[in-house]
Amino acid sequence: QVQVVESGGGSVQAGGSLRLSCAASGFTGRNNCVGWFRQAPGKEREGVAVIVGGGTITYYTDSVKGRFTISRDSAKNTVYLQMNNLKPEDTAMYYCAADRNFTPAGCIEAMRANPDLLLSWGQGTQVTVSS
C-alpha cells in the first residue's frame, strides 16, 4: 500500500512562495496518480493539481494555473507543489493523495470529481497566506 507524508507548509504574505513536498513509499510503476488537494474552513475539499504517467502529465484547477507547479522526483519518490504568487484565498490545509494503476484520464477525474478514488492520504500541511 502507498503511504504519503506531506511537509513544507507555513505562513507567508500575499505574493510569496512555498514548496510542499509529498514523500511516497510503496510506489512502483508508471501509472501512479499523485494529487494535491486543499480544504479551507467551511469549504468543500478542492482538487489543486495532479501528476500521472511517470510525471509526464499534469493537470491543475483553474485558480492555480500559472502560479502552481506540480513535479516529481522519481529517484526520491517525492512529488512537489511549488506555489508562487500566493493569495489569501489559497489559505487551506493541503493534502497529498496517491494511488497506483491510474490512467491519466482517471487521475484527472479523481482530482476534479472523486478524490476518494485515491486511497492513500497524508495528514495534511497548513498553508496560511496573509494579505
Side-chain angles (χ1 to χ4, degrees):
Q1 184 177 354
V2 177
Q3 294 183 324
V4 296
V5 177
E6 307 100 331
S7 61
S11 297
V12 296
Q13 290 189 327
S17 298
L18 285 172
R19 189 177 78 161
L20 306 184
S21 298
C22 173
S25 62
F27 255 177
T28 58
R30 290 179 54 85
N31 298 326
N32 304 312
C33 175
V34 182
W36 286 98
F37 299 80
R38 64 187 181 186
Q39 188 165 22
K43 293 190 175 182
E44 296 279 329
R45 182 175 49 181
E46 175 188 28
V48 176
V50 290
I51 188 165
V52 64
T56 59
I57 298 171
T58 59
Y59 185 84
Y60 301 88
T61 193
D62 285 346
S63 63
V64 307
K65 285 179 181 177
R67 300 189 297 123
F68 291 12
T69 302
I70 190 169
S71 62
R72 180 172 186 163
D73 185 333
S74 296
K76 296 181 179 180
N77 277 342
T78 300
V79 170
Y80 302 99
L81 185 67
Q82 178 67 44
M83 306 185 294
N84 297 328
N85 191 21
L86 282 160
K87 303 177 180 181
E89 51 264 43
D90 295 317
T91 295
M93 183 71 79
Y94 283 70
Y95 298 90
C96 178
D99 212 330
R100 292 178 283 205
N101 299 320
F102 270 77
T103 64
C107 184
I108 292 170
E109 184 64 16
M111 187 203 94
R112 293 177 61 183
N114 198 351
D116 291 330
L117 289 175
L118 301 175
L119 298 183
S120 298
W121 289 75
Q123 80 287 353
T125 186
Q126 179 68 37
V127 171
T128 302
V129 185
S130 58
S131 57

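If you read the sequence from its start, that first residue is 1, and numbering goes on from there.
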Evaluate the criterion side-chain contact (heavy atoms from CB on, under 4.5 Å) for residue pair Arg38 and Val64; output intermediate values, then yes/no.
-> CA-CA 12 Å; Arg38 64 187 181 186; Val64 307; 4.1 Å; yes
Is a side-chain donor-acceptor pair under 3.5 Å present for Ser17 with Asn84?
-> yes
Is a side-chain N or O of Asn77 found less than 3.5 angstrom from the main chain of Ser25, in a donor-acceptor match?
-> no
Taking only residues two or more places apart in sequence or in another chain, which ones pass side-chain contact (heavy atoms from CB on, under 4.5 Å) with Ala23?
-> Thr78
Could you tell me whether Arg45 atom CZ has more than 12 heavy atoms of other residues or ligands within 6.0 Å of it?
-> yes
Please check if atom CD in Gln13 has more than 12 non-hydrogen atoms from other residues, nucleotides or ligands closer than 6.0 Å.
-> no
Over all heavy atoms of both residues, which pair between Cys96 and Val34 is shortest? Give the atoms and the distance, please.
-> SG-CG1, 3.8 Å
Rounded to the nearest 0.5 Å, what's the gap from CZ on Arg100 to CG on Leu119? Could you check?
-> 10.0 Å
Would Met93 end up clustered with Leu118 when hydrophobic side chains under 4.5 Å apart are linked, directly or stepwise?
-> yes
Verify the cluster assignment for Tyr59 and Leu81: are they in a single hydrophobic cluster under the rule of side-chain heavy atoms below 4.5 Å apart?
-> no
Nearest heavy atoms of Thr125 and Gly9, plus distance in Å | OG1-N, 3.0 Å
CZ of Arg67 to CG of Leu86: how many Å apart, nearest 0.5 Å?
-> 6.5 Å
Which atoms form the tightest heavy-atom contact between Ser120 and Val4, and what is the distance?
-> O-CG2, 4.0 Å
Donor-acceptor contact present, side-chain Glu6 to main-chain Gly124, <3.5 Å | yes
Rounded to the nearest 0.5 Å, the CE atom of Met83 sits from the OG1 atom of Thr69 at a distance of 11.0 Å
Under 4.5 Å between any side-chain heavy atoms of Val52 and Pro104, yes or no?
-> yes
side-chain contact (heavy atoms from CB on, under 4.5 Å) partners of Leu117, counting only residues at least two apart | Phe102, Ala110, Asn114
Sequence neighbours left out, what passes side-chain contact (heavy atoms from CB on, under 4.5 Å) with Ser74? Give chain and number order.
-> Arg72
Single-linkage hydrophobic cluster Trp36~Val12, side-chain heavy atoms < 4.5 angstrom | yes
According to a 4.5 Å side-chain heavy-atom criterion applied to Ile, Leu, Val, Met, Phe, Trp and Tyr, with indirect links allowed, do Met111 and Ile57 form part of one hydrophobic cluster?
-> no
Which atom names give the shortest non-hydrogen contact between Cys107 and Val50, and what distance separates them?
-> SG-CB, 3.7 Å
Looking only at heavy atoms, which two atoms of Tyr80 and Asp73 are closest? And how far apart?
-> CE1-CB, 3.9 Å
Donor-acceptor pair, side chain of Thr91 and main chain of Val129, under 3.5 angstrom = yes
Should Asp90 and Lys87 count as an ion pair when the cut-off is N to O under 4.0 Å?
-> no
Using side-chain contact (heavy atoms from CB on, under 4.5 Å) as the criterion, point out the one residue from Phe68, Tyr94, Tyr95 that pairs with Leu20.
-> Tyr94
Please report the shortest heavy-atom distance between Pro88 and Ala14, naming the atom on each side.
-> CD-CB, 4.1 Å
Distance col, row Thr61:OG1 vs Arg112:CZ, nearest 0.5 angstrom, shows 9.0 Å
Decide if atom NZ of Lys65 counts as having more than 12 heavy atoms of other residues, nucleotides or ligands within a radius under 6.0 Å.
-> yes
Just wondering, more than 12 heavy atoms not from Gln3 lying within 6.0 Å of its CD?
-> no
Ring centres of Trp121 and Phe37 under 6.0 Å apart?
-> yes
